[in-house]
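Note that the structure is predicted; figures quoted are calculated from it, not measured. For this chain, numbers begin at 1 and follow the sequence in order.
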Amino acid sequence: MVGAEGMTRMLWLQGASCGGCTMSILESGASGWFDELRQSGIDLVWHPSVSEETGEEAAELLEAIRDGRERLDLLVLEGSVARGPNLSGRFNMLAGTNRSIYHWLLDLAPLADYVVAVGSCAAYGGIPAAGINPTDAVGLQFEGSDVGGALGAGFRSKRGLPVINVAGCAPHPGWIMESLLALTTGDLTADGLDAVGRPAFIANHLAHHGCSRNEFYEFKASAEAMSERGCLMEHLGCRATQAVGDCNQRSWNGGGSCTKGGYACIACTSPGFESAQNYLQTAKLAGIPVGLPTDMPKAWFVALAALSKSATPRRVRVNATADHVVVPPSRSGDKRSS
C-alpha cells in the first residue's frame with residue numbers, strides 16, 4: 001500500500017460519471033499514461049477502474065489516509081458528487097465501505113495538498129446535475145457557476161488552494177496531465193486560476209482558436225445542415241467562440257476535434273453546458289444568435305457580419321453549404337457572384 005519513496009501520491013476517485021475522463025487520460029503520453037506518471041514522479045496509489053486493489057485492500061488504503069497513516073498529495077475526483085437523498089450521499093456509495101463517495105470526499109479533501117476536479121461533472125455538476133437533479137449532484141466546489149458545491153465556498157486544501165477545475169466533457173488528456181504536473185512543481189497557484197477555478201493555460205484560449213472552419217467564420221459563410229463545410233455558429237449551435245480550451249490547437253488522438261469532425265462545439269468546459277436546449281441549433285433573437293463571441297458587443301457583431309457577408313468570395317460561399325470542395329482556390333483570385 002505504501003507508495004514509492006519520494007513520489008507524489010495521487011488518489012483518484014470516481015463519483016457520478018460515465019468514466020469518460022479516465023478514458024481520455026489513458027491516451028496521455030507517448031508510452032501510455034502509467035509510464036508518464038512514473039516519469040513525472042507521480043504514484044497512483046489507487047484508481048477504482050485501473051488498480052489491482054479492490055474490496056478490503058482498497059478500503060484499508062482509504063482508511064489509512066483518513067486516519068493519517070498514509071500521506072495524500074493529490075486527491076482527484078472524476079464525476080459529480082451525488083449528495084442526495086437528504087445529504088446522505090447514498091445515491092453513490094463506495095462499494096465495500098458502507099460509506100458514500102460524498103462523505104469520503106468530506107473526510108479526505110482537507111487532508112490533501114491539492115484537490116483536483118477532472119471533468120465538468122466533478123467541477124460544476126455536469127450531466128448528472130441537469131434538469132431536476134434528483135440526486136442533488138454538484139461539483140466539488142461549484143454548483144453550476146455558483147461557488148459552493150460539495151466542499152463549500154471556503155474550502156482550501158492543505159497548500160491553500162481551492163479546487164482546481166480541469167473542466168471538459170471529457171477534458172483533453174494534456175489538460176489533465178499538465179495540471180497535475182504544474183501542481184507537483186508548484187507552478188500552479190491560486191492566481192493561475194480563472195473565476196470558476198480553471199487553470200489559466202486552458203482558460204486563456206478559446207476552442208475557436210485554430211478551428212479549421214475559421215475562413216468560413218470570417219466571412220459568415222455558414223453551414224445549413226450537418227456534414228456541410230461552413231461555419232457552424234450561425235445555424236448549428238457551435239459555441240466555440242465562447243468556450244475556453246485549446247481543443248483546435250492541440251487536437252485529440254493526434255489530429256481530431258469536435259469541429260474538425262463536423263460537430264458543433266457545445267462549450268463543455270463551461271458551467272451549465274448540460275442545460276442547453278438543443279446542442280445542434282443556434283438560439284436566436286430577431287435572427288441574431290443569442291450567444292455571441294466572447295467580449296464582442298452585439299452591435300459590432302451585426303455590423304461586421306453584414307460587411308463580411310457582402311465580401312464573401314464565391315468559393316467560400318459555395319463550399320460552405322457543400323460536404324466537399326466544390327470550388328477550389330483560384331490563382332487568379334475569386335470573383336464574387338451576386
Side-chain angles (χ1 to χ4, degrees), residues 167-169 172 202-270 272-338:
C169 189
H172 191 288
I202 302 172
N204 285 349
H205 302 275
L206 293 174
H208 176 67
H209 298 159
C211 178
S212 60
R213 298 168 184 259
N214 274 352
E215 183 180 33
F216 295 104
Y217 170 80
E218 290 165 3
F219 287 107
K220 304 300 175 282
S222 301
E224 297 177 359
M226 297 296 291
S227 82
E228 295 177 350
R229 302 182 70 249
C231 180
L232 303 169
M233 174 192 168
E234 185 176 5
H235 304 305
L236 298 177
C238 187
R239 297 178 59 195
T241 57
Q242 307 153 57
V244 307
D246 55 3
C247 315
N248 278 303
Q249 297 176 68
R250 67 169 79 201
S251 297
W252 295 65
N253 293 310
S257 75
C258 295
T259 56
K260 284 181 182 177
Y263 199 92
C265 169
I266 62 174
C268 71
T269 58
S270 304
F273 85 95
E274 69 279 354
S275 299
Q277 295 300 306
N278 188 336
Y279 288 129
L280 301 180
Q281 181 177 335
T282 301
K284 299 180 182 180
L285 182 62
I288 301 171
V290 173
L292 294 179
T294 301
D295 300 331
M296 176 172 271
K298 182 178 293 186
W300 291 11
F301 179 84
V302 172
L304 288 172
L307 181 62
S308 297
K309 287 188 176 185
S310 69
T312 304
R314 175 177 177 273
R315 168 182 59 84
V316 176
R317 180 176 58 80
V318 172
N319 289 339
T321 52
D323 63 0
H324 63 285
V325 175
V326 177
V327 181
S330 171
R331 291 182 63 186
S332 60
D334 285 317
K335 291 185 177 180
R336 181 176 56 85
S337 63
S338 59

Looking at side-chain heavy atoms only, is the closest gap between [X] and [Y] below 4.5 Å?
{"X": "N214", "Y": "H208", "result": "yes"}
{"X": "H235", "Y": "K284", "result": "yes"}
{"X": "L232", "Y": "Y217", "result": "no"}
{"X": "V325", "Y": "R229", "result": "yes"}

How long is the gap from [atom1] on [X] to [atom2] on [Y], to the nearest 0.5 Å?
{"X": "R315", "Y": "F219", "atom1": "CZ", "atom2": "CZ", "value": "7.5 Å"}
{"X": "L307", "Y": "T312", "atom1": "CG", "atom2": "OG1", "value": "9.5 Å"}
{"X": "I202", "Y": "H172", "atom1": "CD1", "atom2": "NE2", "value": "10.5 Å"}
{"X": "F273", "Y": "C268", "atom1": "CZ", "atom2": "SG", "value": "6.0 Å"}
{"X": "R239", "Y": "C265", "atom1": "CZ", "atom2": "SG", "value": "7.5 Å"}

Identify the heavy atoms of [X] and [Y] that sit nearest to each other, and give their distance.
{"X": "V244", "Y": "T269", "value": "O-OG1, 2.8 Å"}
{"X": "L236", "Y": "E224", "value": "CD2-O, 4.1 Å"}
{"X": "M233", "Y": "T241", "value": "SD-OG1, 4.2 Å"}
{"X": "C247", "Y": "S257", "value": "O-CB, 4.0 Å"}

* To do: Show the numbers, then the answer: is there a side chain to side chain contact (heavy atoms under 4.5 Å, CB included) between Y263 and L280?
  => CA-CA 8 Å; Y263 199 92; L280 301 180; 3.6 Å; yes
Side-chain donor or acceptor of [X] paired with backbone N/O of [Y] under 3.5 Å:
{"X": "N248", "Y": "H209", "value": "no"}
{"X": "S308", "Y": "K220", "value": "no"}
{"X": "R213", "Y": "G230", "value": "yes"}

* D323-S227 side chain donor-acceptor pair, cut-off 3.5 Å ->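 Result is no, nothing qualifies.
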* Pick one: which of E228, K309, E234 meets side chain to side chain donor-acceptor pair (under 3.5 Å) with S222? ->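 Per the side chain to side chain donor-acceptor pair (under 3.5 Å) rule, the option paired with S222 is E234, out of E228, K309, E234.
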